[in-house]
2 protein chains.
Amino acid sequence: MNKEKPTIIKLEDIAKALRVSISTVSRSLSNSSRVKEATRKKVREKADELGYIPNQIAKSLISGKTGVIGVIIPRYDEAFFIEVCRGIDHYARKHNYRILISSSRNSSRFEKENIMVFEKGIVDGLIISLTHQTKSQTHLQSMANRGTPLVVFDNMNEKIEGAMHVRIDDYSAAYEAVQFLAQKKSVQTVGFIGGTILKSIFNKRYEGYKDSLLSSDFSLKEEFVFNCKSMHQVHEYHEIYNFLSKLNQFPNAFFCSTDSYALLCIKALSKLGKRVPEDIQVVGFGNLHYSRLFNTELTSVSQPSFKMGEKAAELLLSKIIKGAYLPSEKIDELILPTKLIIRNTTC
Amino acid sequence: MNKEKPTIIKLEDIAKALRVSISTVSRSLSNSSRVKEATRKKVREKADELGYIPNQIAKSLISGKTGVIGVIIPRYDEAFFIEVCRGIDHYARKHNYRILISSSRNSSRFEKENIMVFEKGIVDGLIISLTHQTKSQTHLQSMANRGTPLVVFDNMNEKIEGAMHVRIDDYSAAYEAVQFLAQKKSVQTVGFIGGTILKSIFNKRYEGYKDSLLSSDFSLKEEFVFNCKSMHQVHEYHEIYNFLSKLNQFPNAFFCSTDSYALLCIKALSKLGKRVPEDIQVVGFGNLHYSRLFNTELTSVSQPSFKMGEKAAELLLSKIIKGAYLPSEKIDELILPTKLIIRNTTC
DNA sequence: TATATTAATACAAACGTTTGTATTGTTATT
DNA sequence: AATAACAATACAAACGTTTGTATTAATATA
């Protein structure tokens, strides 16, 4: 049985093989002009021959940089977050950075735990979307204070000093989407389906909805407003179905604070014998690509998820690379534009 | 302007503050009995006071372990992979491991690139689903040879010596799903919609489909078989729509090699005026949770994606923790069970 | 040919830990 | 009171790099 443990090659091995010093090997491989071209070549060849792979950990210990960005999202099974991660990855990769994704599972305990792991120096910076459980804000704040570059995207609670924020204008986006509905002759009432109001983005979308209704001289009917409490799609469906089935009368349209609420709403409505958009129109929020898979394509507020990731990464890396404590242009909030995409669930 | 750079506390700082040696501090914090309880307490308190956070990079350099598992998936925007990642994450987390996710973007170039980054020692092991472009197999093989624990899940091309594999029996799963359709009185012909046949899992599902038809004395009609070539959902829809619209005659059912093909198929069919399942029945593969969002719930081969991730992580960690070169029980292939979930797109 | 100059390389410290060995301090034994 | 035994702590090497400084070799200048 061949049990020889594959040995891992280091600079020292190359140095010994060539009877030169480790520093010469190191400098050769980084193409320093301090070593003669002939030697450099010899070293490169020997390195290839032995299959040398530099040890990133040792490099990191010296440079203080790991080449990794930490990302914390509330859940994996929401396409929006994955899309943002794609954007982060796309930008990061161009700058030779990797991403370490963690889910906080919508719990501040896990969030805190993840942050603590990242603080041990395995990432050069952090991009995070906060859960609605606010408690760990102090952790983030102290991380920012300690000088770790930090970008918060999507949901946030209160401002974190020293962090950068990338977001959309949830209030206005919702306001306009509801305006779009309210201006239709066929629409007299608009309902709302959203998530927990503890989450600030959901709350803002709700406020936008409310103010939009009021400014159109519509009345806000509490019975047409529903906020899901659970965090799992199957349960959410039942909550929504339950809510809708108890309605004696239906609004002409629903504005939903995410695409998945919208889809679940449509599903429940059709179960209840209502047609979309003929009987009831539905507008979602997010414009996620999976909604393309559906028969009836969803009218939705398009949120630039991928771009949001890219921008978050851009801000973060600019800080990481420049050094967090050099004076920067101090872009500490970036608001990306949204757009209502009209498809087949409105008419 | 307050420009004092936040200083990062290390063992030395605690040692100095307490006038003890660094090793005493280190041992105190790891609760070694070699240091007096009173001293340990003093050290712990000082560490808290100063806000000491251990440097994982330095630890890794010594231990040779980073506490990170690398994961390479072909694309982010396929729910199956995300679900597997969730499973990996779930298991890994319990063992104090993190995951570093990268996408190979279905390109062997990126795949290779990712592997090379991981080889620099930033991960303790690798879990990967291979793209259909085989080329980098040698890279993986040499990684395995070098002793890095390696698990391949889902798609693989040929066996990698020293790696472990977690998968399902794609052939049989497809075979049985098609049997289910073929046994219906209303079904005389079954079509197939799949992805690139270069990908071995798609190929196996196709073979299962084919053999299932033949064993039921159905004939295999080439005109009812379609394989998407593109890699983007929007394009895939057009491909499928195109294929279907050119059909003079339709089969009674379609077996699709993923859920998203099934959903796109349903969408295209309904655009063409066909009702599902009344006119044409559809079976998907994967049973992904987003299909729950749809009005008509998809009949699908349930693949234990989450579990697949968990198992992959379990195998990998057992090797990482035991040490890759100790004799292990040599579980090098794990085949997980699948199950046909009958819902509303068949009748 | 001796010396100044520069090119090429070697040495050694550093990054922040862990851990084996050496040293010091304390208590028990005689 | 001397010494053995052991507890408590300090010292130093190691992990695999990078990088500033010292040393040696090679060339140019006189």
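Chain letters run A, B, ... following the sequence lines, proteins first, then strands; residues in each count from 1.
Among C:dA10, C:dT17, D:dT17, the nucleotide with an atom closest to any side-chain atom of B:Tyr52 is C:dT17. Among the nucleotides C:dA10, C:dT17, C:dT19, the one closest to the side chain of A:Val20 is C:dA10. Listed nucleotides: C:dT18, D:dG16, C:dA10. Nearest to the side chain of B:Leu11: C:dT18.
Comparing the helix axis at one end of the helix from C:dT1-D:dA30 to C:dT30-D:dA1 with that at the other, each defined from 5 consecutive pairs, gives an inter-axis angle of 70° (nearest 10°).
Side-chain contact between A:Lys65 and A:Ile320 is present, with at least one heavy-atom pair separated by less than 4.5 Å. Residues A:Leu150 and A:Leu140 form a side-chain contact, since some pair of their non-hydrogen atoms from C-beta on lies under 4.5 Å apart. B:Asn114 is listed as a side-chain neighbour of A:Arg98, based on a closest heavy-atom distance under 4.5 Å. With contacts defined as side-chain heavy-atom distances shorter than 4.5 Å, the pair B:Arg86/B:Asp89 does not qualify.
Taking the six-membered ring where tryptophan is involved, the planes of A:Phe81 and A:Phe153 are perpendicular, since the angle between them exceeds 60° and thus also 30°.
Each of B:Ile62 and B:Ser23 has a nearest nucleotide on DNA chain D; the 5'-most of these lies closest to B:Ser23.
For the atom pair A:Ile160 CD1 and A:Ile128 CD1, the distance stands at 7.5 Å (nearest 0.5 Å).
For the pair B:Ile22 CD1 and D:dA10 C1', the computed distance is 11 Å after rounding to whole Å. The nearest whole Å value for the distance from the CD1 atom in A:Ile9 to the P atom in D:dT17 is 10 Å. The nearest whole Å value for the distance from the CD atom in A:Glu12 to the P atom in D:dT18 is 14 Å. Between A:Lys65 atom NZ and C:dC15 atom P the separation is 15 Å, expressed in whole Å. Computed from coordinates, the A:Ile57 CD1 to D:dT18 P distance equals 14 Å when rounded to whole Å. Rounding to whole angstrom units, CG of residue B:Leu61 and P of C:dT19 are separated by 13 Å. Across the protein-nucleic acid pair, A:Lys16 atom NZ and D:dG16 atom P stand 11 Å apart, rounded to whole Å. For the pair A:Asn55 CG and D:dC15 C1', the interatomic distance rounds to 8 Å; values are reported in whole Å.
For the residue pair A:Ser129/A:Asn155, the side-chain donor-acceptor check at 3.5 Å is not satisfied.
Residues from residues 24-51 of chain A lying near DNA chain D, meaning a heavy-atom separation below 4.0 Å, are A:Ser26, A:Arg27, A:Arg34 in numerical order.
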Test salt bridge (Lys or Arg N to Asp or Glu O under 4.0 Å) on A:Glu45 and A:Lys42; report intermediate values, then the result. CA-CA 5 Å; A:Glu45 283 167 355; A:Lys42 260 195 332 195; over 6 Å; no
- Task: Could you walk me through whether A:Glu37 and A:Arg44 pass the salt bridge (Lys or Arg N to Asp or Glu O under 4.0 Å) test, one step at a time?
- Result: CA-CA 10 Å; A:Glu37 169 55 25; A:Arg44 274 197 305 262; 3.3 Å; yes
